Amino acid sequence: MTSPFIKVARPAIQSMQAYQAGKPIEEAQRELGITDFVKLASNENPRGPSPQVLAALANAAQEVNRYPDGNGFYLKQILAERHGVDVGCITLGAGSNDILELIASAYLDSDTSAVYSQYGFLVYALATARSGAESLVVDANDYAHDLAAMAQAVKNTTRVIYIANPNNPTGTYANHNALTALLDAVPASVLVVLDEAYCEYIDSADYPDGISLQKRYANLVVTRTFSKAYGLGGLRVGYSVSDPVIADMLNRVRQPFNVTSLSLAAAQAALDDEVYLSESVALNRAGMQQFESGFASLGLDYIQSAANFITFKTPFAASEMNQQLLHKGVIVRPVANYGLVDCLRVSIGLEDENTRFLQALMQILDSSTSGKQ
Ligand SMILES: *Cc1c(COP(=O)(O)O)cnc(C)c1O
């Protein structure tokens, strides 16, 4: 019997599904009794936090009886200086996910619509659905966002366009010309949300500099996070750079203390530790090469990625491959919920974690071709 508590929920929520996170190591250990899992499922920085962050956390822990600074004064000031923008342009969030939701709460309701791409980061679909707005999902072009088609998809109800650059789970990115063409094509009142969760990893010359574009296009909202390259996924802190009026709207809908005192302190320390960041980026680059050559020698296709993960095609059912990897102690991410039914996404880990993954993959492929699968 269906519970009466479904029927009385808002219709937009009744048809939604919850976000599926990467399997936590503890859960995999409980389920499978394996104790030495490697987790390559959530695009985390595999190195552990920077020592400077740990010191800042220990210090900030002394004052957790106090509420955080609800305006994040110091962190905003540092970010504003770094990016050469006014403090009023910065909005802080509990992860950039929070910002993506704040944008939906402030700008979307059942009379409006949001545009995002097929295979686009799932949070866009969730935030749109929750707000009751119409989703205008634009077909991807060879797994990448088709920005020209996304610009065309804008209707007069459209308030927000979500662009992940690079995108998760495909790792594809839009170049400077494609992005500026979209910005030139869409009405100046439509918010173009450029989600740069992985921007630190990219050094391609044609990768757009979102924050300098924001200075030219007032409707551009750039979101950044400390969860990936900065190694603070567990602390939930991210931000946006936008027109100050947009920031004001987001501030109206956020929780008064949405970023914890520990997160503020850690983010400040993380910004100071440039060595940790550059080492993380270098490690990622080496790991990406390890994966690309590993996939090539195993004869597996993959989607070229600019981020800290890579999505590859499995030669038999991805769900079965996922199970077999789990039994070998490797947690990767199924992406069937994105419609990528024959793929798995793997995050770049430490060198020996990457090796564990590639070896497990090789063993699975060997036993499947010899019929022992
Ligand atoms: C991980 C990720 C985010 C942000 O995550 P937070 O931890 O909430 O900052 C945002 N966008 C994309 C595309 C991501 O993959």
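Note that the structure is a prediction, hence the values are computed from the model and not measured. In listed order, ligands and their atoms are each counted from 1.
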Asks: Closest non-hydrogen protein atom to atom 11 (N) of ligand 1, residue and atom name please, with distance?
Replies: D195 OD2, 2.5 Å
Asks: Indicate yes or no: at least one non-hydrogen side-chain atom of V138 is less than 4.5 angstrom from one of V115.
Replies: yes
Asks: Decide yes or no for L126 and M16: does some side-chain heavy atom of the first lie under 4.5 Å from some side-chain heavy atom of the second?
Replies: yes
Asks: With backbone taken as N, CA, C and O and side chain as the heavy atoms from C-beta onward, which portion of F226 lies under 4.0 Å from ligand 1: side chain, backbone, both, or neither?
Replies: neither
Asks: Less than 4.5 Å apart, side chain to side chain, heavy atoms only: is that true for L271 and L79?
Replies: yes
Asks: Given that the side chain starts at C-beta and the backbone is N, CA, C, O, which of these parts of N97 lies under 4.0 Å from ligand 1, counting heavy atoms, or is it both or neither?
Replies: both
Asks: State the atoms of ligand 1, each with its element, that fall below the 4.0 Å cut-off from a heavy-atom position in A197.
Replies: 2 (C), 3 (C), 10 (C), 11 (N), 12 (C), 14 (C)
Asks: Tell me which protein heavy atom sits closest to atom 9 (O) of ligand 1, plus the residue, atom name and distance to 0.1 Å.
Replies: T225 OG1, 2.5 Å
Asks: For residues Y198 and F309, establish whether the separation of their ring centroids is below 6.0 Å.
Replies: yes
Asks: Which of the atoms of ligand 1 are close to R236, meaning less than 4.0 Å from one of its heavy atoms?
Replies: 6 (P), 7 (O), 8 (O)
Asks: Which atoms of ligand 1 are found less than 4.0 Å from any heavy atom of K228?
Replies: 1 (C), 2 (C), 3 (C), 4 (C), 5 (O), 14 (C), 15 (O)
Asks: Over 60° means perpendicular and under 30° means parallel, so classify the ring planes of F121 and Y19, tilted if in between.
Replies: perpendicular
Asks: Going by the angle between their ring planes, with limits at 30° and 60°, are F257 and Y67 parallel, tilted or perpendicular?
Replies: tilted
Asks: Under 3.5 Å, sequence neighbours excluded: what are the donor-acceptor pairs made by side chains of residues 217-225?
Replies:
from, atom 1, to, atom 2, distance (Å)
Y217, OH, D184, OD1, 2.8
N219, ND2, V190, O, 2.9
R224, NE, E196, OE1, 2.8
R224, NH2, E196, OE1, 3.2
T225, OG1, S227, N, 2.9
T225, OG1, S227, OG, 3.0

Asks: Considering the heavy atoms of S227, write down every atom of ligand 1 situated less than 4.0 Å from one of them.
Replies: 6 (P), 7 (O), 9 (O)
Asks: Using a strict 4.0 Å cut-off to heavy atoms of N168, name the atoms of ligand 1 that fall inside it.
Replies: 13 (C), 14 (C), 15 (O)
Asks: For ligand 1, find out whether one of its N or O atoms is nearer than 3.5 Å to an N or O atom of S96.
Replies: yes
Asks: Hey, what's the ring geometry for F295 with F357, parallel, tilted or perpendicular (30° and 60° as the breaks)?
Replies: perpendicular
Asks: So, does N43 sit close enough to ligand 1 that a heavy atom of it is under 4.0 Å from the ligand?
Replies: no
Asks: Please find out if less than 6.0 Å separates the ring center of Y124 from that of Y162.
Replies: yes
Asks: Heavy-atom contacts with G95 under 4.0 Å: which atoms of ligand 1 show up? List them by number with element.
Replies: 6 (P), 8 (O), 9 (O)
Asks: Nearest protein heavy-atom contact for atom 15 (O) of ligand 1: which residue, which atom, what distance?
Replies: Y198 OH, 2.5 Å
